[in-house]
Structures are given as structure tokens and as C-alpha cells.
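Start at 1 and go down the list; that is how both ligands and their atoms are numbered.
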Amino acid sequence: MSEEYVVRLKDLKKTFDGKDFVLNGVDLEIPKGSLTVLIGFSGTGKSVLLKHMLGLLKPTSGLAEVLGQDLSKISSDDMISFRQKFGVLFQNAALFDDMTTIENVCFPIREHRRDLKNAQIIRLAETRLKLVGLDVKDYGKLPSQLSGGMRKRVGLARAIALDPELLLYDEPTTGLDPIMTEMVDNLILSTHKHREGLTSIIVTHDLYAAFRLGDYVAMLNQGKILLFGTPNDFMKSENELIRKFVNKGVKKGESTSDN
Ligand SMILES: Nc1ncnc2c1ncn2[C@@H]1O[C@H](COP(=O)(O)OP(=O)(O)O)[C@@H](O)[C@H]1O
Ligand SMILES: [Mg+2]
């Protein structure tokens, strides 16, 4: 194998009710070190696909291999160490409401790094918070005392706490205003570039971001990957559905300055 893939999905199928296939033969290979954006209409199964990569859902059939591990064969012990290798940031950041900024970031480190002393754990958490641009004065605040943008930063600091090889985002900018969206997009990009070899996968409906950020874009439609390619491949595609998507994305990009 000349290229190393962090995610390999082969003819992946998923049905919840035994008749309707949300995923109906997904083939997808994501190269190590890339930033890939997964797009598709709402309700097409993007989150379901992401959950298969995390081992949170089991395929009905087909192969889901992540970081060289066939997830259908993983033992629960291996699952614990597997989970340390990736970070996840969901739309709502999912912080612990009763924990301060610093404690939220310390949490996964305490769970997985039993070898570290408390002072080392705190120091590690602080380096992550610094990386995402949070000010020391906010380390002792509760999530309710932070703005939406700051909560995202804390969520991202927590996602990168254990220095993951794979970082997954599910709709990280949904519901944010355009300025905040740009801030979070830039944060995703700088986080990706900061760590050599990090693979990032972002699910988004924001096409402008997809074309700006992605090394690759994958479009999920009717249970399959309609196209996996560079943003340029998408621009050049003559597929009618892709053209529709691309035109929408470019229009939005052009109009961000006046809304
Ligand atoms: N745990 C589940 N049980 C049953 N159906 C589900 C479950 N999770 C997702 N679905 C269904 O799968 C489809 C795809 O959902 P989802 O992946 O959330 O879409 P997207 O993220 O692309 O908007 C939807 O029809 C949804 O209702
Ligand atoms: Mg979703």
C-alpha cells in the first residue's frame, strides 16, 4: 500500500429498521494527514457515518476500518485505547456544565493518563487552552459564563487534550453567526496545521467552508459517496446535483461580506 489511509470504509451499509438503508454501500478512503469535509443534504446520514468511524454504531454489513483497526472486530479493552486516538467536537460542544474551563479539559486527561500527576495534567490542559486562544482569566469560569465562541474553544481544547491522530467535527459552526463561523473555521484550520500528520474530518452543510478548508471533499447522497475529490474536482464536476451544491456554496461565499 503506497498511501496510508486513516479511515477505510468498504461497501458499508446501515439500516436501523431492516428495510430502509441510511448507508447503502459507502466506499471512502481518507488519507492520513488530510483535512476532509463531508457534505450532503440534511438527513442523508452524515452523522450516522461519523458514528461508524467512532465505533459508536455497528455496520449492518461492510467494512469500517479506522486507524488500522477493523471496528467490527475490536474488543472492549482495545476500544478504550482506540478512543484515546481521536478527538470529537459536536455542534453543542457538550461541555460539563458544572465543571470549569480547565476542569473540562483535564477530564479526558485524568481518564486516560493515569501516569500523570495532577500538576502535569493541569499544565497539559493549559497548553491546549492556550493553543485554542483562551485567556487565563477564563480558565476558572463555568460554561454558562462563557460566550458561544469561547465554549467552542473549550470543546476543541478538550478534543485535542490527548493529542489525537484523528479529529472529527460534526457541524461545528451550525447555528453560529458569520463572524463566529469564520473564527471557528480558522481555529479548525490552525489546529489541523499545528499538528503534523493529524487527520481532520468535518461534517458541515457550509459549502463555502468546505471549499476553503478541505484538502478533500466527500459528498454523501442516497446512502453512497457521490464524489470524493479536491475542491477543484467539485468545481469541475458536471454532475447536476454537485453543480447545485457548488453554486449554492459559491453564492454564499460571495455574499458573506454583506450580511
Ligand atoms: N439511532 C438511530 N435510530 C434510527 N434511525 C436513526 C438513528 N440515527 C439516525 N437515524 C436516521 O438516519 C437518517 C440520517 O440521519 P443523520 O445521520 O443524523 O443525518 P445528517 O447528519 O446527514 O443530517 C435519518 O433519517 C435519521 O432519522
Ligand atoms: Mg448530522
Side-chain angles (χ1 to χ4, degrees), residues 7-30 35-66 71-72 74 76 79 83 86-95 148 151-152 155-156 158-159 166-177 180-181 184-185 187-188 199-211 213-214 216-229 231 234 237 239-246 248-249 252:
V7 174
R8 283 178 68 228
L9 308 176
K10 277 225 154 74
D11 202 20
L12 185 73
K13 295 187 182 176
K14 180 67 176 180
T15 173
F16 291 100
D17 59 8
K19 20 182 229 281
D20 182 29
F21 280 82
V22 177
L23 303 177
N24 199 8
V26 169
D27 291 309
L28 183 62
E29 289 183 322
I30 296 184
L35 191 159
T36 297
V37 181
L38 180 64
I39 59 171
F41 293 107
S42 170
T44 46
K46 301 182 296 296
S47 295
V48 167
L49 190 60
L50 215 61
K51 283 178 186 157
H52 280 85
M53 296 180 195
L54 297 169
L56 293 173
L57 284 174
K58 293 256 171 280
T60 305
S61 67
L63 174 79
E65 191 188 281
V66 178
L71 293 182
S72 67
I74 193 166
S76 41
M79 198 59 178
R83 290 239 159 96
F86 58 73
V88 192
L89 184 64
F90 291 111
Q91 186 181 336
N92 58 10
L95 300 175
R151 283 200 293 271
K152 292 269 170 182
L156 184 56
R158 193 178 60 183
L166 176 60
L167 204 41
L168 300 150
Y169 303 84
D170 197 351
E171 309 266 10
T173 60
T174 298
L176 298 182
D177 65 47
M180 203 103 99
T181 296
V184 173
D185 284 345
L187 199 56
I188 290 171
T199 307
S200 303
I201 302 174
I202 310 165
V203 167
T204 184
H205 65 282
D206 185 349
L207 290 147
Y208 177 57
F211 291 130
L213 305 182
Y216 300 105
V217 179
M219 182 165 169
L220 183 67
N221 191 61
Q222 295 193 327
K224 288 187 166 68
I225 298 296
L226 186 62
L227 180 64
F228 175 88
F234 272 77
S237 171
N239 180 291
E240 203 181 322
L241 207 59
I242 292 170
R243 292 237 54 82
K244 247 195 220 166
F245 249 85
V246 169
K248 222 173 89 192
K252 180 167 180 267

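- In this structure, Lys13 has no salt bridge (Lys or Arg N to Asp or Glu O under 4.0 Å) partners at least two apart in sequence or on a different chain.
- Screening the protein for N, O or S atoms under 2.8 Å from the Mg ion (ligand 2) yields 1; no waters enter the count.
- Protein residues with a heavy atom closer than 4.0 Å to ligand 1 are Phe16, Val22, Phe41, Ser42, Gly43, Thr44, Gly45, Lys46, Ser47, Val48, listed by chain and number.
- No donor-acceptor pair closer than 3.5 Å links the side chain of Lys46 to the backbone N or O of Leu38.
- Residues Phe86 and Leu54 meet the side-chain proximity criterion, which asks for heavy atoms closer than 4.5 Å.
- Under the 4.5 Å side-chain criterion, counting only non-hydrogen atoms from C-beta, Leu227 is not in contact with Asn239.
- Between His205 and Ser42 the shortest side-chain heavy-atom distance does not fall below 4.5 Å.
- Here Leu56 contributes atom CG and Met79 contributes atom CE; the two are 6.5 Å apart, rounded to the nearest 0.5 Å.
- At distances below 3.5 Å, at least one donor-acceptor pair connects side-chain atoms of Arg158 with backbone N or O atoms of Ala94.
- Using a distance-only test at 3.5 Å, with no hydrogens or angles considered, no donor-acceptor pair links the side chain of Lys58 to the main chain of Lys14.
- Applying the side chain to side chain donor-acceptor pair (under 3.5 Å) rule to pairs touching residues 15-24 yields Thr15-Asp17, sequence neighbours excluded.
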